Amino acid sequence: MFDLKCGKFCGSMDNNCYLITDKKTGKSALIDCSDDSEEMLSFVEGCELEYILLTHGHCDHIGGSKAVKEKTGAKLAISEDDAYMLTSAKGSLALFMGYPQNDVAADFYFRDEDVIRLGETEIKVLATPGHTDGCVCFLCGDCLFTGDTLFHLSLGRTDFPTGNPAKMSASLKKLYALEGDYKVYPGHGSFSTLETEKNENADFLIIMKYYS
């Protein structure tokens, strides 16, 4: 069992960041870390932060990672395909968006189907390339954290460097095939459910119909 704290409109790109806390041990994991370091430090204040888990390497999702990692001692993790963005202003898009590039090193990389254990809570990694080569989603209980892969009634962009429409289609099919319903917590915008997206997300439905 775990508690979930949701931070909406974080940083200059109105990111959603999430804090999962295992009820038995009190240990926490932060999913994505917006560019506003002070806001992120306030968001995790008072918790025993074990991990910073990044859905991908774009600057608005990683910008506060250095400060939070240094302050809390949390282990930072990202997919190996996006790891270079942690030290590349070009790769993270910070150079083009006028963001500072706060270089930071990952403590470990995760891969598809990896399970990160947070006390008695399990966080499963789902590789979902398309927005970037190294995009992932996280499954935890009945929660699906989709980063910039799936939004409420829309999809992630594929026109940034390493974006790939064919890979995005395959990733969305993977999410569509998940059994049961999940609460969907995206990297931006409103929360949703997987059933809502399967039934009402026109872009999602087009991909399922024409690219299956």
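Quantities reported herein were computed from a predicted structural model and do not represent experimental measurements.
Within the model, atoms CD of E39 and SG of C17 stand 7.5 Å from one another, a figure rounded to the nearest 0.5 Å. Distance CD1/I116 to CD/E122: 11.0 Å, rounded to 0.5 Å. The distance from the CE atom of M13 to the NE2 atom of H58 is 10.0 Å, given to the nearest 0.5 Å. The line from CD1 of I62 to SG of C33 is 9.5 Å long, rounded to the nearest 0.5 Å. Atoms CG and CG, from D35 and N102 in turn, are 9.0 Å apart once rounded to the nearest 0.5 Å. Note that OG1 of T193 is 8.0 Å distant from CD of E200, once rounded to the nearest 0.5 Å.
Remark: F145 engages Y18, Y185 in a ring pair (Phe, Tyr, Trp, His ring centres under 6.0 Å) (not counting sequence neighbours). Here T158 pairs with nothing under the side chain to side chain donor-acceptor pair (under 3.5 Å) rule; sequence neighbours left out. Applying the side chain to side chain donor-acceptor pair (under 3.5 Å) test to D159 and every residue at least two apart in sequence or in another chain returns R157. In this structure F96 satisfies the ring pair (Phe, Tyr, Trp, His ring centres under 6.0 Å) test with no other residue, sequence neighbours excluded. Residues satisfying the ring pair (Phe, Tyr, Trp, His ring centres under 6.0 Å) test with Y176, not counting sequence neighbours, are F204. Residues satisfying the side chain to side chain donor-acceptor pair (under 3.5 Å) test with S65, not counting sequence neighbours, are none.
For the pair N16 (side chain) and G189 (backbone), a donor-acceptor distance under 3.5 Å is present. Side chain of S92 to backbone of S88: a donor-acceptor contact under 3.5 angstrom is found. The closest donor-acceptor contact from the side chain of Q101 to the backbone of M85 lies under 3.5 Å. When atom types are taken as modelled, the side chain of T21 and the backbone of D3 share no donor-acceptor pair closer than 3.5 angstrom. Judged by distance alone, the side chain of S169 and the main-chain N or O of P165 form a donor-acceptor pair under 3.5 Å.
Inter-residue side-chain proximity for L139 and I123 is flagged as unmet; no heavy-atom pair is nearer than 4.5 Å. Contact of the L4 side chain with the L19 side chain is not registered, since no non-hydrogen atoms from C-beta on lie closer than 4.5 Å. At least one side-chain heavy atom of C137 sits under 4.5 Å from a side-chain heavy atom of L175. With a 4.5 Å cut-off on side-chain heavy atoms, K69 and V104 count as touching. Here the side chains of L118 and F2 are not in contact, with every heavy-atom distance at 4.5 Å or above. The side-chain heavy atoms of H152 and V184, taken from C-beta on, include no pair separated by under 4.5 Å. Side-chain contact check for D60 versus Y99: some heavy-atom pair is nearer than 4.5 Å. The closest side-chain heavy-atom distance from C135 to S171 is not below 4.5 Å.
Across every non-hydrogen atom of D107 and A74, the tightest pair is OD2-O, 3.9 Å. H188 and D14 make their closest contact through ND1-O, 3.4 Å (heavy atoms, listed as atom of the first residue, atom of the second, distance). Summarising the geometry of L93 relative to C59, their closest heavy-atom pair is C-SG, 4.0 Å, with the distance given to 0.1 Å. Listed here is the closest heavy atom pair of G187 and F151: N-CE2, 4.2 Å. Taking all atoms of both residues into account, the shortest heavy-atom contact from E113 to L126 is OE2-CD2, 4.1 Å. Heavy-atom minimum distance, L49 versus T72: CD2-OG1, 3.7 Å.
With respect to the salt-bridge test (charged N to carboxylate O, under 4.0 angstrom), the residues K124 and D114 do not qualify. Contact check on K183 versus D142 returns a salt bridge, with a Lys/Arg side-chain nitrogen under 4.0 Å from an Asp/Glu carboxylate oxygen. Between K198 and D181 there is no salt bridge, since no side-chain N of the basic residue sits under 4.0 Å from a carboxylate O of the acidic one. A salt bridge does not link D81 with R111: none of the charged nitrogens is closer than 4.0 Å to a carboxylate oxygen.
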* Could you go through the side chain to side chain contact (heavy atoms under 4.5 Å, CB included) check for N164 and M168 one step at a time? => CA-CA 6 Å; N164 186 302; M168 176 65 85; over 6 Å; no
* To do: Start with the C-alpha gap between T25 and E48, add the side-chain angles, then the distance that decides, and say whether side chain to side chain contact (heavy atoms under 4.5 Å, CB included) holds.
  => CA-CA 9 Å; T25 64; E48 186 180 348; over 6 Å; no
* Give the intermediate values and the outcome of side chain to side chain contact (heavy atoms under 4.5 Å, CB included) for residues I20 and Y51. => CA-CA 10 Å; I20 297 171; Y51 300 112; over 6 Å; no
* Asked: Stepwise, does the side-chain hydrogen bond (donor to acceptor under 3.5 Å, both in side chains) test hold for D22 with T121?
  -> CA-CA 6 Å; D22 179 67; T121 300; 2.7 Å; yes
* Asked: Should V136 and D112 be marked as a side chain to side chain contact (heavy atoms under 4.5 Å, CB included) after you check the CA-CA gap, both sets of side-chain angles, and the distance that decides it?
  -> CA-CA 8 Å; V136 304; D112 189 35; over 6 Å; no
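Sparse packing is recorded around CZ of F9, with 12 or fewer heavy atoms of other residues, nucleotides or ligands lying under 6.0 Å away. For K5, the NZ atom counts as densely surrounded, since its 6.0 Å shell holds more than 12 non-hydrogen atoms of other residues, nucleotides or ligands.
Side-chain atoms of H56 and D82 include no donor-acceptor pair closer than 3.5 Å.
At a threshold of 4.5 Å between side-chain heavy atoms, the hydrophobic network of Ile, Leu, Val, Met, Phe, Trp and Tyr places L150 and Y182 in one connected group. In this structure, L153 is not a member of the same hydrophobic cluster as L205, with clusters built from ILVMFWY side-chain heavy atoms closer than 4.5 Å. There is a path of hydrophobic side-chain contacts, each under 4.5 Å, that joins I31 to F110. Cluster membership check: L144 does not share its hydrophobic cluster with F138, using side-chain heavy-atom separations under 4.5 Å among Ile, Leu, Val, Met, Phe, Trp and Tyr. Transitive grouping of hydrophobic side chains (ILVMFWY, heavy atoms separated by less than 4.5 Å) brings L178 and I207 into a common cluster.
For the side-chain contact (heavy atoms from CB on, under 4.5 Å) criterion with T149, the lone passing option out of L155, T55, L172 is L172.
By the 6.0 Å and 45° rule, K8 stacks over the aromatic ring of F191.
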